[in-house]
Amino acid sequence: MQIVFDIAARRAELTPDKIAFTEVETGKQLSYAELNARACRFASWLQGQGIGSGDRVAILCLNTTSFFEILFACGKLGAILVPLNWRQPAPELLPVVQDAAAKLLIHDAENAAVADALNLPLLSLAGYEQAVAASTSDNFDTAWPADRIWYMLYTSGTTGKPKAVIQTPGMAYANAINIGQAIDLTSADTTLNYLPLFHTAGINLHTLPVLIFGGSVQVLKKFEIDPVMAALQNGDCTAFLGVPAIYQAISLHKDFATADFSKVRSWSCGGAPLPITLIELFARRDVLVCNGMGMTETGPTVFLMDRAHAKAKIGSVGKPQILAEVRVVDDHDAPLPHDHAGELQIRGPGVTPGYWNNESATKSAFTRDGWLRTGDVARRDANGYYYIVDRIKDMFISGGENVYPAEVEIVIYRFPGVLECAVIGVPDEKWGEVGCAYVLPQPGGSVDGEALRVYCRENLAAYKVPKHIRIIEDFPRTAAGKVQKHILRSRFSETPS
Ligand code: ATP
Ligand code: MG
């Protein structure tokens, strides 16, 4: 059996007095020794409640350092933490907690009403504090089986119903090596944790790798642009890890043109297509944004652009990182040569063993020889740099020709006044399917749909030109700001013209 070690326990021995966490709003700090001691105390309390190996503990809260204490407490017992999406109302969360069959739900004050409606034994964060204070700090085994289920994360739900992706201690270490070497993470680094903790980024980009490398984490209760802008300037963040929607929010901030970003030494972005126009906006502020690609299923880090080639290979997500192996295959899972687009498949120690309680989804997600089918189309160039073309599910066929919406979006982004766009395939009597472009204008601006259509005709093959153009005020989005195209598609079928 492969083992890895309890990160909190090991850090408490190596660097006990170093500050692991600071809460941005309150200034409250937690050293590595305190993190581990509090996690041990809570693990003892959980044990006293009859919670042990394999049991599920759900949590519904905004970002707080307690979340990580609880994550480590569960790890010490072999229990499984299930972070819930606080953007979902109780009726949507009920089937999730039923699927997880949690024995306890921990919640903060902000989510008390929803927690109440979920028919589970509850523990508020105030009650959590009492439990920690009342318990003794027992010792727990610090050797954890690498493939044990530590926690599970529901996927972003960009393409439909989220599935719970199993996350293991082994995946956490593999991801830390992948992201750590990609951005040269050291104990001198501080990251800003501002994305919701029910998605992979908050745990696996902003936090666990930083703890493994002995750095510090600033925890923001939830995303708000002003404290993020402050942290990017005052030294509270040396390595910034974001998603396109956050980069866009920063670019729209009133101080963007004058802000002093010199204390941030590394800027990376992933999780959704990153418009080249946004990379260019940041380049004008001398900020080099490196695009990367990952999935909840892959820990998440797979690709990250290296700084030396970020300009020359703009649009690429870089090369696969050291503990990830990838291939691009045809419809029969046969590897394709460079410059051919096909499905991206991934394997390595950062990849999940599967989906919780969902054998059929797990089975169809992997090839017979263990490669994860990403559902994404990618292409590799002759120098080994990869480009994410689009999601297979989003591709459509117009008059017999394949159209990758992302390719059309890249063109539309260059049209004056466009802030954001999303293209979907919609039914059409003549062509089978045609494109519909949803366009969000820049704040206070407008986009002339007719002029945009002319521009698309000039810059795209005829079958790629969106037949429908709709100017909208905002997109349906996931918590990480990803555009939910399946919702756009159902909206289109409700109001086709
Ligand atoms: P669901 O699986 O529930 O539909 P999701 O796929 O959005 O949601 P995540 O695991 O958060 O859930 O996202 C991973 C996906 O995000 C990838 O499979 C890919 O489609 C997309 N993605 C990630 N990084 C990039 C990138 N740099 N460029 C384009 N797409 C990206
Ligand atoms: Mg997915």
Side-chain angles (χ1 to χ4, degrees), residues 83 85 88 96 152-167 171 175 179 182 195-205 241-247 267-276 278-279 289-305 310 313-321 324 326 341 343-346 350-352 354-356 358 361-362 364-365 372-379 385-395 404-407 409-410 413 422 475-487 489:
N85 182 342
Q88 290 183 296
V96 173
M152 50 202 200
L153 292 173
Y154 287 82
T155 54
S156 294
T158 313
T159 55
K161 202 169 153 276
K163 303 178 285 271
V165 182
I166 291 169
Q167 307 279 319
M171 287 171 68
N175 175 66
I179 187 70
L195 289 171
L197 295 174
F198 51 82
H199 283 330
T200 184
I203 301 178
N204 291 309
L205 294 178
L241 300 124
V243 294
I246 302 293
Y247 275 95
W267 300 77
S268 23
C269 184
L274 174 63
I276 289 178
L278 201 50
I279 302 179
V289 181
C290 292
N291 192 8
M293 185 271 180
M295 305 169 72
T296 314
E297 289 88 340
T298 59
T301 315
V302 176
F303 293 98
L304 192 69
M305 192 66 215
K313 297 282 184 187
I314 196 163
S316 165
V317 292
K319 293 184 175 181
Q321 295 306 312
V326 312
E343 188 185 21
L344 177 69
Q345 298 189 342
I346 300 168
V351 176
T352 183
Y355 300 102
W356 168 258
N358 198 337
T362 302
S364 53
L372 174 76
R373 303 179 194 277
T374 62
D376 293 311
V377 181
R379 133 182 103 71
Y385 283 83
Y386 284 76
Y387 296 78
I388 307 299
V389 178
D390 214 329
R391 293 185 193 247
I392 294 173
K393 276 189 182 172
D394 288 339
M395 192 202 80
Y404 291 110
E407 214 186 338
E409 290 159 8
I410 289 168
Y413 269 111
F475 285 108
R477 294 176 197 273
T478 67
K482 299 196 201 194
V483 173
Q484 290 167 302
K485 290 193 173 178
H486 68 283
I487 296 183
R489 276 191 280 267

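Ligands are counted one by one from 1 in listed order, and the atoms in each one are counted from 1 as well.
Within the 3.5 Å criterion, the main-chain N or O of Tyr355 finds a donor-acceptor partner in the side chain of Thr362. When atom types are taken as modelled, the side chain of Thr200 and the backbone of Asn204 share no donor-acceptor pair closer than 3.5 angstrom.
Each of Thr155, Ser156, Gly157, Thr158, Thr159, Gly271, Ala272, Pro273, Asn291, Gly292, Met293, Gly294, Met295, Thr296, Glu297, Val317, Asp376, Ile388, Arg391, Lys482 has a non-hydrogen atom positioned under 4.0 Å from some atom of ligand 1.
In plain terms, the two heavy atoms of Asn175 and Gly299 that are nearest each other are CG-O, 3.2 Å.
Taking Ala479 as the reference, Arg87, Pro196, Phe198, His199 meet the side-chain contact (heavy atoms from CB on, under 4.5 Å) condition, with sequence neighbours excluded. Residues meeting the side-chain contact (heavy atoms from CB on, under 4.5 Å) test with Asn291, sequence neighbours left out: Leu274, Val317. Gln88 pairs by the side chain to side chain donor-acceptor pair (under 3.5 Å) definition with Glu92, not counting sequence neighbours.
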